[in-house]
Amino acid sequence: MAHAQTILALDGGGTHTRVALITQDARVLAHANGPGCNPYDRPEWAHNLRNLLLTVPHTGLCAAVLGMAGYDAARPSSHQQVDVARAALGPHIPVALENDVQTAHRAAFAGGAGIFVLAGTGSVAQASTADGRTARAGGWGWLFGDEGGGYWIGCHALNHAARFLDDPDVPFAPFARGLLHALNLPTQGAGAADALREWLRTRPHPRSAVGDVAPTVHMLAHAQDPHARALLHAAGDHLANLARTASKGITADQTSTLPWSYGGSVMNSPFVRERVATMLERPPTAPILPPLGGAALHAAQLAGWQVDTAWVHTLSLALSPQKIAA
């Protein structure tokens, strides 16, 4: 019995990596999740990437596309990413790697024009026109960039908590107490400060742990905490600025009417998304596909498959959170 022809799509972020094996009729044959594989952030990135690629079967594989945080064809680390992917997938499979915002942009607009804001653990924006011109802003990493991303939000929130432990009379004390409670940490007593330090020290991947604080900030904002809302609004301001900066790289009269869309865990927050919409003076366009879909579209092209609107729609259903792990 002949094996079904398949393509492999991968979305590799700083915190999580997702891979899916997709058939020619846009069904997900297999999928798996793993830790992040950004070489700028994960010393074990190659191990993570290799293991995930080997988790799904390769029989019938026609092409593979990997959207990777930290990827740029000119970087030495990116040459290593290609080597790891090629070693895991074999020498005869057409393989392409690209930056994760490029993959997510293609997914959001199904290959069309627009401005895309990606805010997960980090942050980056890409603007593209119908004739193929692109520009990007952000993606500088957690040490001196990624404003508005999950790590940025979590770091600022934990700074509030640390300042509260120094001085319980700070005006944002209710926010700090709520955050510490959510982390199951004490809010007072001689051991409270060390408990927060130990929390960070014992995280398997501290940057991801800090980024994972962002949903707690959203929860507190939903509970009407003004400092949580102010922090998420500040994140939205930074992300809108990334979108505007990216748009400067393409003709102004076109970018003013281009749709904008979004991706990443931070953009799931309506407080952030609505703030970006306010600053950009227009509502967002919901992404047509999740980032994995952007890798799948490119892989289908490499495989020579015919892809139309119906195929994209079927794929969007197959990659929905109800069908595949988010």
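Remember, predicted model here, so these are calculated numbers, not experimental data.
Proximity of D25 to T314: side-chain heavy atoms (C-beta onward) are nowhere separated by under 4.5 Å. Under the 4.5 Å side-chain criterion, counting only non-hydrogen atoms from C-beta, L258 is in contact with I250. Within the 4.5 Å cutoff, no side-chain heavy atoms of P284 are placed close to those of V276. Contact annotation: the side chain of H31 never approaches that of V56 to less than 4.5 Å [non-hydrogen atoms, C-beta and beyond].
Rounding to the nearest 0.5 Å gives a distance of 9.0 Å between CD of E147 and CG of N241. Between the CG atom of L232 and the CZ atom of R275 there is a distance of 11.0 Å, given to the nearest 0.5 Å. Atom CG in L97 sits 8.5 Å away from atom CG in L10 (nearest 0.5 Å). Remark: H233 NE2 to E274 CD distance equals 7.5 Å, nearest 0.5 Å. Note that CG of L289 is 11.0 Å distant from OG of S320, once rounded to the nearest 0.5 Å. Taking CG of L8 as the start and CG of L66 as the end, the distance is 6.5 Å to the nearest 0.5 Å.
Using a distance-only test at 3.5 Å, with no hydrogens or angles considered, no donor-acceptor pair links the side chain of R136 to the main chain of Q126. Panel note: side chain T285, backbone S261; no donor-acceptor pair is recorded below 3.5 Å. Between the H58 side chain and the L53 main chain, a donor and an acceptor come within less than 3.5 Å of each other. Under the 3.5 Å distance criterion, the side-chain polar atoms of D11 are left unmatched by any main-chain donor or acceptor of L292. Using modelled atom types, one side-chain atom of D225 and one backbone atom of A228 make a donor-acceptor pair closer than 3.5 Å.
Under the salt bridge (Lys or Arg N to Asp or Glu O under 4.0 Å) criterion, R197 pairs with D194, not counting sequence neighbours.
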Can you give me every donor-acceptor pair (side chain of residues 175-185, partner residue at least two apart or in another chain, under 3.5 Å) with its distance?
none

Enumerate donor-acceptor pairs with a distance under 3.5 Å from any side-chain N or O in residues 295-310 to protein atoms, sequence neighbours excluded.
residue : atom : partner : partner atom : Å
H298    : ND1  : E98     : OE1          : 3.2
D308    : OD1  : A310    : N            : 3.3
D308    : OD1  : W311    : N            : 2.9

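Checked for salt-bridge contact, D212 and R203 miss the test: no charged N lies under 4.0 Å from a carboxylate O.
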Exercise. Going through the checks in order, is the side-chain hydrogen bond (donor to acceptor under 3.5 Å, both in side chains) test met by N51 and H47?
Worked result: CA-CA 6 Å; N51 279 0; H47 172 80; 2.9 Å; yes
